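The block underneath contains the structure these notes are about, expressed in C-alpha coordinates.
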Amino acid sequence: QVHLVEYGGGLVQAGTSLRLSCVDSGRTFSSYPMGWFRQAPGKEREFVAAINWNGDITDYTDSVRGRFTISRDNAKKTVYLLMNSLKPEDTGVYYCAAAPLSNLRLGKVVDNFWGQGTQVTVSS
(Lines give C-alpha, C1' and ligand atoms only; values in the text may rest on other atoms or scores of the structure.)
Protein backbone atom coordinates (compact mmCIF):
# COMPACT_ATOMS: atom_id res chain seq x y z
CA GLN A 1 0.00 0.00 0.00
CA VAL A 2 1.42 3.37 -1.07
CA HIS A 3 0.29 6.97 -0.73
CA LEU A 4 2.06 9.31 -3.15
CA VAL A 5 2.39 13.07 -2.80
CA GLU A 6 4.04 15.35 -5.37
CA TYR A 7 5.97 18.53 -4.57
CA GLY A 8 7.83 21.20 -6.48
CA GLY A 9 5.47 22.55 -9.10
CA GLY A 10 5.19 26.22 -9.87
CA LEU A 11 5.31 28.99 -12.44
CA VAL A 12 8.63 29.27 -14.26
CA GLN A 13 10.11 30.94 -17.31
CA ALA A 14 10.85 28.98 -20.47
CA GLY A 15 14.43 27.77 -20.55
CA THR A 16 14.69 27.36 -16.80
CA SER A 17 14.68 24.25 -14.64
CA LEU A 18 12.44 22.74 -12.01
CA ARG A 19 12.71 19.61 -9.89
CA LEU A 20 9.64 17.70 -8.84
CA SER A 21 9.58 15.24 -5.96
CA CYS A 22 7.18 12.43 -5.21
CA VAL A 23 7.17 10.97 -1.72
CA ASP A 24 5.52 7.78 -0.55
CA SER A 25 3.97 8.88 2.72
CA GLY A 26 2.23 5.57 3.30
CA ARG A 27 2.86 3.27 6.19
CA THR A 28 4.58 0.62 4.05
CA PHE A 29 7.18 1.26 1.37
CA SER A 30 8.42 -1.09 -1.32
CA SER A 31 10.82 -0.41 -4.19
CA TYR A 32 8.14 -0.14 -6.85
CA PRO A 33 8.85 1.02 -10.35
CA MET A 34 7.78 4.65 -10.47
CA GLY A 35 6.72 7.01 -13.18
CA TRP A 36 5.79 10.58 -13.99
CA PHE A 37 2.83 11.65 -16.10
CA ARG A 38 1.40 15.00 -17.07
CA GLN A 39 -1.92 16.35 -18.22
CA ALA A 40 -2.33 19.60 -20.10
CA PRO A 41 -5.68 21.44 -20.04
CA GLY A 42 -8.16 19.73 -22.32
CA LYS A 43 -5.82 16.83 -23.06
CA GLU A 44 -5.42 13.27 -21.89
CA ARG A 45 -2.82 12.34 -19.33
CA GLU A 46 0.42 11.30 -21.00
CA PHE A 47 3.45 9.29 -19.97
CA VAL A 48 6.59 11.32 -19.25
CA ALA A 49 9.20 9.11 -17.59
CA ALA A 50 9.65 5.91 -15.59
CA ILE A 51 12.30 4.28 -13.46
CA ASN A 52 12.75 0.74 -12.18
CA TRP A 53 13.16 -0.28 -8.56
CA ASN A 54 16.90 0.46 -8.21
CA GLY A 55 17.23 3.24 -10.78
CA ASP A 56 19.32 1.41 -13.36
CA ILE A 57 16.56 1.45 -16.00
CA THR A 58 14.82 4.62 -17.12
CA ASP A 59 12.42 5.48 -19.90
CA TYR A 60 11.27 8.79 -21.34
CA THR A 61 8.77 10.02 -23.83
CA ASP A 62 10.45 11.49 -26.91
CA SER A 63 9.44 15.07 -26.19
CA VAL A 64 11.38 15.19 -22.90
CA ARG A 65 14.32 12.86 -23.58
CA GLY A 66 17.56 14.76 -23.11
CA ARG A 67 15.88 17.48 -21.06
CA PHE A 68 14.27 15.61 -18.17
CA THR A 69 15.92 13.19 -15.75
CA ILE A 70 14.05 10.79 -13.50
CA SER A 71 15.83 9.47 -10.42
CA ARG A 72 15.00 7.94 -7.08
CA ASP A 73 16.23 7.65 -3.51
CA ASN A 74 14.70 4.58 -1.95
CA ALA A 75 16.00 5.42 1.52
CA LYS A 76 13.97 8.64 1.32
CA LYS A 77 11.03 6.91 -0.37
CA THR A 78 11.23 9.56 -3.05
CA VAL A 79 11.32 9.75 -6.83
CA TYR A 80 12.42 12.93 -8.62
CA LEU A 81 11.90 14.52 -11.98
CA LEU A 82 14.49 17.13 -12.92
CA MET A 83 13.14 19.20 -15.78
CA ASN A 84 15.67 21.29 -17.70
CA SER A 85 15.17 23.64 -20.64
CA LEU A 86 11.48 23.88 -19.92
CA LYS A 87 9.15 24.81 -22.75
CA PRO A 88 5.60 26.20 -22.65
CA GLU A 89 4.35 22.87 -23.99
CA ASP A 90 5.62 21.22 -20.80
CA THR A 91 2.84 23.00 -18.92
CA GLY A 92 0.43 20.71 -17.12
CA VAL A 93 -0.38 18.89 -13.94
CA TYR A 94 2.36 16.39 -13.18
CA TYR A 95 1.50 13.15 -11.44
CA CYS A 96 3.64 10.39 -10.04
CA ALA A 97 2.54 6.77 -10.02
CA ALA A 98 3.67 3.30 -9.04
CA ALA A 99 3.22 0.27 -11.29
CA PRO A 100 5.24 -2.27 -13.29
CA LEU A 101 7.39 -0.55 -15.91
CA SER A 102 5.36 -1.90 -18.80
CA ASN A 103 2.17 -0.61 -17.21
CA LEU A 104 3.68 2.80 -16.48
CA ARG A 105 4.52 3.23 -20.16
CA LEU A 106 0.89 2.52 -21.00
CA GLY A 107 -0.62 4.53 -18.17
CA LYS A 108 -2.14 1.42 -16.61
CA VAL A 109 -2.07 2.48 -12.97
CA VAL A 110 -4.83 1.76 -10.49
CA ASP A 111 -6.37 4.85 -8.94
CA ASN A 112 -4.85 4.56 -5.48
CA PHE A 113 -1.33 4.30 -6.94
CA TRP A 114 -1.47 7.85 -8.36
CA GLY A 115 -0.42 11.00 -6.57
CA GLN A 116 -2.67 14.05 -6.44
CA GLY A 117 -0.60 16.04 -8.93
CA THR A 118 1.38 19.27 -8.88
CA GLN A 119 0.91 22.13 -11.36
CA VAL A 120 3.79 23.15 -13.61
CA THR A 121 3.29 26.28 -15.69
CA VAL A 122 5.98 27.42 -18.14
CA SER A 123 5.68 30.93 -19.53
CA SER A 124 7.27 32.03 -22.78
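Treat the numbers as computed from the prediction; the structure is a model and nothing was measured. Starting from 1, each residue takes its place in the sequence as its number.
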### Pairs meeting criterion salt bridge (Lys or Arg N to Asp or Glu O under 4.0 Å) with involvement of residues 55-64, two or more places apart
D59-R105, D62-R65
### Task
Mind checking the CZ-CG spacing from R72 to N54? Nearest 0.5 Å is all I need.
8.0 Å
### Task
Return yes if some donor-acceptor pair links the side-chain N/O of Y60 with the main-chain N/O of I70 below 3.5 Å, else return no.
yes
### Message
Which heavy atom of P88 sits nearest to which heavy atom of A14, and what is that distance?
### Response
CD-CB, 4.1 Å
### Task
List for me each residue that meets side-chain contact (heavy atoms from CB on, under 4.5 Å) alongside Q13, sequence neighbours excluded, and say none if there are none.
T16, S123
### Task
Among residues two or more places apart or on two chains, list those pairs meeting ring-ring contact (aromatic ring centres under 6.0 Å, His included) that have a residue in residues 71-100.
none
### Message
Using 0.5 Å steps for rounding, measure from the CG atom of L4 to the OG atom of S25.
### Response
7.5 Å
### Query
For the hydrophobic clusters of this structure (ILVMFWY residues joined by side-chain heavy atoms under 4.5 Å, transitively), does one cluster hold both L82 and V120?
no
### Summary
So NE2 of H3 and NZ of K77: to nearest 0.5 Å the spacing works out to 11.0 Å
### Query
Run the side-chain contact (heavy atoms from CB on, under 4.5 Å) check on V93 and T118 step by step: do they pass?
CA-CA 5 Å; V93 178; T118 185; over 6 Å; no
## Note on the structure
With sequence neighbours left out, the residues meeting side chain to side chain donor-acceptor pair (under 3.5 Å) with Q39 are none
### Stepwise side-chain contact (heavy atoms from CB on, under 4.5 Å) test for I57 and I51
CA-CA 6 Å; I57 301 174; I51 188 167; over 6 Å; no
### Task
Give a yes or no on whether the backbone of G55 and the side-chain of N52 come within a donor-acceptor separation of less than 3.5 Å.
yes
### Task
Indicate the atoms forming the closest heavy-atom contact of S71 with V79, along with that distance.
O-CG2, 3.1 Å
Residues 109-116 side chain polar contacts: donor-acceptor under 3.5 Å, at least two apart:
from : atom 1 : to   : atom 2 : distance (Å)
W114 : NE1    : V109 : O      : 3.0
Q116 : NE2    : E6   : O      : 3.4
Q116 : NE2    : E6   : OE1    : 3.1

### Message
Just to verify, what does T61 make a side chain to side chain donor-acceptor pair (under 3.5 Å) with, not counting sequence neighbours?
### Response
none
### Query
Strictly by modelled atom types, are T78 and D73 linked by a side-chain donor-acceptor pair under 3.5 Å?
no
### Summary
residues 80-100 vs salt bridge (Lys or Arg N to Asp or Glu O under 4.0 Å), sequence neighbours excluded, gives R38-D90, R67-D90
### Query
Does S102 have any side chain to side chain donor-acceptor pair (under 3.5 Å) partners at least two apart in sequence or in another chain, and if so, which?
none
### Task
Could you grab the distance from atom CE of M83 to atom OG of S17, nearest 0.5 Å is fine?
9.0 Å
### Task
Assess whether side-chain contact (heavy atoms from CB on, under 4.5 Å) is satisfied between F68 and L81, documenting all intermediate values.
CA-CA 7 Å; F68 291 11; L81 185 68; 4.1 Å; yes
### Message
Apply the hydrophobic cluster definition, ILVMFWY joined by side-chain contacts under 4.5 Å directly or through others, and give me every member besides V5.
### Response
Y7, V23
### Query
How would you list all residue pairs meeting salt bridge (Lys or Arg N to Asp or Glu O under 4.0 Å) that involve residues 10-20, not counting sequence neighbours?
none
### Query
Among all residues two or more places apart in sequence or in another chain, which pass the side-chain contact (heavy atoms from CB on, under 4.5 Å) test with T121?
L11, T91, Q119
### Query
For F47, what residues pass the ring pair (Phe, Tyr, Trp, His ring centres under 6.0 Å) criterion, not counting sequence neighbours?
F37
